[in-house]
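Chain identifiers are assigned alphabetically (A, B, ...) following the order of the sequence lines, protein sequences preceding nucleic acid strands; residue numbering begins at 1 within each chain. Nothing here was measured: the structure is a model prediction, and the numbers come from that model. The analysis underlying the following values was restricted to heavy atoms, covering all of them including side chains, and did not include hydrogens, waters or symmetry mates.
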Number of protein chains: 2
Amino acid sequence: MRKKRTNDPEGMRRRVLDVAEDAFQARGYHASSLGDLMAAAGVTGGALHHHFPTKKALALAVIEERVAAAVRETWIKPVLAAPSAREGVRAVFEAVAAELEQPGYVRGCPLNNLAHELSLADDEFRLALARVFADWRQAIADKIRADQRDGEEGATDPERFAALTVAAYSGAMSMAKASQDAAVLRECLKGLESFELPPSQGQLTVKRRRRVLLRSKIG
Amino acid sequence: MRKKRTNDPEGMRRRVLDVAEDAFQARGYHASSLGDLMAAAGVTGGALHHHFPTKKALALAVIEERVAAAVRETWIKPVLAAPSAREGVRAVFEAVAAELEQPGYVRGCPLNNLAHELSLADDEFRLALARVFADWRQAIADKIRADQRDGEEGATDPERFAALTVAAYSGAMSMAKASQDAAVLRECLKGLESFELPPSQGQLTVKRRRRVLLRSKIG
DNA sequence: TATAAAACAGGACGATCACCCTGTTTTGAG
DNA sequence: CTCAAAACAGGGTGATCGTCCTGTTTTATA
């Protein structure tokens, strides 16, 4: 029998990133050995080294391609698509909380996990992680500004709202991970919701805001 | 020349914990080797092994003795000593921000650093870390309840306020570490302050609250 | 002072890790 | 087909890590 092999560089790269993303979130960067990743992905050392010359290069790819994409899918897109920033934030919090409540470990936010472990270890890591945070915050702030252009939101400071939202979410995920309980996420959401509203602006205006979707030119 | 030696078990243990606390915060648990710690503390392998049979035991001691104490000193004591929970929270945020703004790396919150790296690695780690978080939150919630007994704070939900405060702080420290900039801490504080106030309760009542200190039986 | 336990010294060991190197196979361009 | 480059295989290597082990010194107790 002759040996057959089909080269699939993109697929192999994808499989490596898949298991690396998973392992880095579940066990962290330093606790995940390349041997583990090779075994999990069914990849040889030669192939791994061909696509990612160093472990650091692999981690950078995970951050820039996977973690950034996860933040985009989980947070940025839903918030931008929501009728308002506040409703979007609320929807994301609840979606994540619901996801954490079904069986399985609470693994925490992948961005925060890597941010804590790698921010101080290497400046390239730090910058890549800071960029993801910045994009995340800016998307929320932009959404607030869009709401304001539509006559909503009053004088809410966009950057302040975005910073508080991202911080509260990150910190809540931190505690949820330590306590293995998503309840704190819901608590923080309620806290944000009950305090967030600027005075003289009730939630009565929340309802008929479907127009926003029509008027905003969604990119 | 005869060799002299003075046994100082407590001092040696303290020195090891000092460097371990520092290294775990600056570089993380896995990135800190026992060899590094031994060199930094000027301690031999035998002595280290005598006081801490495993690296895990050392980390647990750091969490239970040093990290918990740091949270107590940085957060719990100042908040309990403040005229009100809100003022205490504000004071801590500003103190930490001011500390981060002077030269030197922003190293982040020691509790969060270890929580992210070790929560999922080991259940003993996780429980120890969750306990610190819980004590932290409970202290703030208790302070809110004390304020309410003194006729302040209206209907603020103590647990909700505490969860949001701790989460916002933790998340803000996360971002501050990644961006090496304490500005986000101040942003989050402003966000907490502007949204936090329950309606129909201005900050006019803030001033004459010195009585609280007298009436509460401080433990 | 006698003696056992605690405190400390320092090297050794096996395991593991990230990386590299030498080959082999596949692929695509000419 | 030719052939060079890309893709992949797989073992090797030096370094490092956490732990353990055998001694030696100090200390507490009687």
Side-chain angles (χ1 to χ4, degrees), chain A residues 1-24 26-63 65 114 117-118 121-122 124-125, chain B residues 1-24 26-63 65 114 117-118 121-122 124-125:
Chain A
M1 284 245 181
R2 299 296 160 83
K3 337 162 188 177
K4 249 187 269 181
R5 202 183 77 196
T6 317
N7 282 1
D8 179 20
E10 294 172 12
M12 175 155 284
R13 199 186 124 93
R14 185 182 46 77
R15 267 156 52 214
V16 172
L17 285 176
D18 282 345
V19 302
E21 176 186 10
D22 189 76
F24 287 168
R27 274 162 302 193
Y29 174 80
H30 287 102
S32 303
S33 77
L34 294 183
D36 294 342
L37 301 184
M38 282 163 47
V43 165
T44 64
L48 177 61
H49 183 261
H50 177 73
H51 290 281
F52 305 100
T54 65
K55 191 182 183 184
K56 174 180 167 179
L58 172 58
L60 276 175
V62 167
I63 293 172
E65 301 177 27
L114 289 178
E117 194 176 359
L118 301 179
D122 185 283
E124 284 188 75
F125 282 144
Chain B
M1 282 241 185
R2 298 295 161 82
K3 337 163 189 179
K4 248 188 266 181
R5 202 183 77 197
T6 317
N7 283 1
D8 179 19
E10 294 173 12
M12 176 154 285
R13 199 185 126 94
R14 184 182 47 76
R15 267 156 52 214
V16 172
L17 285 176
D18 283 344
V19 301
E21 176 186 11
D22 189 75
F24 288 168
R27 273 162 302 191
Y29 174 79
H30 287 102
S32 303
S33 78
L34 293 183
D36 294 342
L37 302 185
M38 282 162 49
V43 165
T44 65
L48 177 60
H49 183 262
H50 177 74
H51 289 281
F52 305 100
T54 65
K55 191 182 183 184
K56 174 180 168 180
L58 172 58
L60 276 175
V62 167
I63 293 171
E65 300 176 29
L114 289 178
E117 193 176 0
L118 301 179
D122 186 284
E124 283 189 76
F125 281 145

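For the pair A:Tyr29 OH and C:dC17 P, the computed distance is 13 Å after rounding to whole Å. The CE-P distance, from A:Met12 to D:dA6, rounds to 17 Å in whole Å. Atoms CG (A:Leu58) and P (C:dA18) sit 10 Å apart, rounded to a whole Å. A:Leu37 has its CG atom 14 Å from the C1' atom of C:dC19, to the nearest Å. Distance B:Arg14 CZ to C:dA7 C1': 17 Å, rounded to the nearest Å. Taking atom CD of residue B:Glu10 and atom P of nucleotide D:dT26, one finds them 19 Å apart after rounding to whole Å. The separation between A:Leu48 atom CG and D:dC8 atom P is 11 Å, rounded to whole Å.
In this model, the phosphate group of D:dA7 is not approached by any side-chain N or O of A:His49 to a distance below 4.0 Å at OP1 or OP2. Considering only side-chain N and O atoms, A:His50 lies under 4.0 angstrom from the phosphate OP1 or OP2 of D:dA7. A close approach under 4.0 Å does occur between a side-chain nitrogen or oxygen of B:Ser33 and OP1 or OP2 of D:dC17. Considering only side-chain N and O atoms, A:His30 lies nowhere under 4.0 angstrom from the phosphate OP1 or OP2 of C:dA18.
Each of C:dA18, C:dA7, D:dC8 was ranked by its minimum atom distance to the side chain of A:Leu34; first place goes to C:dA18. Candidate nucleotides C:dC8, D:dT19, C:dC19 were compared by shortest atom distance to the side chain of B:Thr54, and D:dT19 ranks first. Taking only side-chain atoms of B:Thr6, from C-beta outward, the nucleotide of D:dT27, C:dA18, D:dA9 with the closest atom is D:dT27. Of the candidate nucleotides C:dC19, C:dC8, D:dC8, C:dC8 has the atom nearest to the side chain of B:Thr44. Checked against C:dT25, C:dT27, C:dC8, the side chain of B:Asn7 finds its nearest nucleotide in C:dC8.
Of the residues A:Val62, A:Ile63, A:Leu118, the one that meets the side chain to side chain contact (heavy atoms under 4.5 Å, CB included) test with A:Phe24 is A:Val62.
B:Arg5 contributes no side-chain N or O that forms a donor-acceptor pair with the base of D:dT26 under 3.5 Å.
When each of A:Pro53 and A:Asp36 is assigned the nucleotide of DNA chain C with its nearest heavy atom, A:Asp36 is the one assigned upstream, toward the 5' end.
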